[in-house]
Amino acid sequence: MIAFVSGPVAALAPDTAVVEVGGIGMAVQCTPDTLSGLRVGEHARLATSLVVREDSLTLYGFADDDERGTFELLQTASGVGPRLAQAMLAVHSPDTLRLAVANGDEKTLTAVPGIGKKGAQKLLLELKDRLGAPVGTRRAGGAAPGADGWRDQLHAALIGLGYAAREADEALDAVAPQAEAALADGARPQVPQLLKAALQTLNRSR
């Protein structure tokens with residue numbers, strides 16, 4: 001098992017980071033939140049989980065061991081593969097998922113693309129005694145920003161992924177209604193979700 005990769009970041013894409021390890025570029029599948037903390041040319045250490053299939057070897061990367069452990073535990077539920085597990089972590093932090101399971105919160109789980117009401121109910125039953133209690137840690141990118149803080153976090157994440165300042169500004173304008181809607185409902189904008197929407201907007205414009 002490859003427990004982690006450590007080295008300079010050689011390249012970044014919307015869903016992948018390439019980390020140079022011993023002269024070899026390791027392609028690592030990451031969530032937008034994890035990618036937002038990486039910069040090309042800077043050193044990075046990612047906890048990893050290797051998924052082996054008959055026709056592929058896929059390395060998934062995480063900001064810390066807690067995210068990796070949660071990723072692997074999520075896959076012990078029937079119907080949850082690595083892609084869905086990663087999608088769950090792209091939307092929610094490990095502690096948010098633990099709270100959702102502990103409280104039987106279907107709404108939190110159905111916020112993840114690919115999980116419907118019945119799927120959420122099934123996951124709540126299967127994961128109830130597996131994820132454990134919240135540990136009180138919050139990833140930097142998952143911290144809930146204030147009314148305007150989401151703009152700074154999202155702009156920095158897009159610049160870190162190699163987009164020009166003009167492109168980042170345009171993407172911010174495109175997702176602003178989504179952030180403002182959350183604020184209007186009394187919630188705080190979630191940067192990982194906004195980053196995903198911004199990347200989709202940028203990909204369509206290219």
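Looking at Pro82 and Gln75, their side chains come closer than 4.5 Å, going by heavy atoms from C-beta outward. Looking at Gln86 and Leu74, their side chains never come closer than 4.5 Å, going by heavy atoms from C-beta outward. Contact check for Leu127 versus Leu97: no side-chain heavy atoms found under the 4.5 Å cut-off.
The two residues Val80 and Leu123 make their nearest non-hydrogen contact at CG2-CD2, 3.4 Å. In terms of heavy atoms, Ala44 sits closest to Leu38 at CB-CD2, 3.7 Å. Closest of all the heavy-atom pairs between Thr48 and Gly61 is CG2-CA, 4.2 Å. Closest non-hydrogen pair, Gly79 versus Leu84, comes out as O-CD2, 4.0 Å. Listed here is the closest heavy atom pair of Lys196 and Pro113: NZ-CG, 3.8 Å. Nearest heavy atom pair, residue Leu59 against residue Ala27, reads CB-O, 3.8 Å.
Checked by atom type, the side-chain pair Ser78/Lys122 shows a donor-acceptor distance below 3.5 Å. Side chains of His43 and Ser6: a donor on one and an acceptor on the other come within 3.5 Å. For the residue pair Glu106/Gln121, the side-chain donor-acceptor check at 3.5 Å is satisfied.
With Val28 as the fixed residue, the side-chain contact (heavy atoms from CB on, under 4.5 Å) test singles out one of Val9, Val5, Leu35: Val5.
Electrostatic pairing of Arg166 and Asp169 does not count as a salt bridge here, judged by no charged N lying under 4.0 Å from a carboxylate O.
Atoms CG and CD, from Leu124 and Glu126 in turn, are 10.5 Å apart once rounded to the nearest 0.5 Å.
Checked by atom type and distance alone, the side chain of Glu67 never pairs as donor or acceptor with a backbone atom of Asp64 at under 3.5 Å. The backbone N or O of Lys107 lies less than 3.5 Å from a partner atom in the side chain of Thr110, making a donor-acceptor pair. A donor-acceptor pair is defined here as one N or O able to donate and one able to accept, closer than 3.5 Å; such a pair exists between the side chain of His92 and the backbone of Thr108. No donor-acceptor pair closer than 3.5 Å links the side chain of Thr34 to the backbone N or O of Cys30. In this structure, Asn103 contributes its side chain and Asp105 its backbone to no donor-acceptor pair below 3.5 Å.
Around CZ of Arg83, the count of heavy atoms belonging to other residues, nucleotides or ligands within 6.0 Å does not exceed 12.
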_Thr58 vs Tyr60, side chain to side chain contact (heavy atoms under 4.5 Å, CB included): CA-CA, chis, key distance, verdict_ = CA-CA 6 Å; Thr58 306; Tyr60 290 85; 3.4 Å; yes
*What do the steps show when you test Met26 against Ile2 for side chain to side chain contact (heavy atoms under 4.5 Å, CB included), and what is the final call?*
CA-CA 11 Å; Met26 304 287 286; Ile2 301 175; 4.1 Å; yes
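Cation-pi check for Arg45 over Phe4 is met; the charged atom lies under 6.0 angstrom from the ring centroid and within 45 degrees of its normal.
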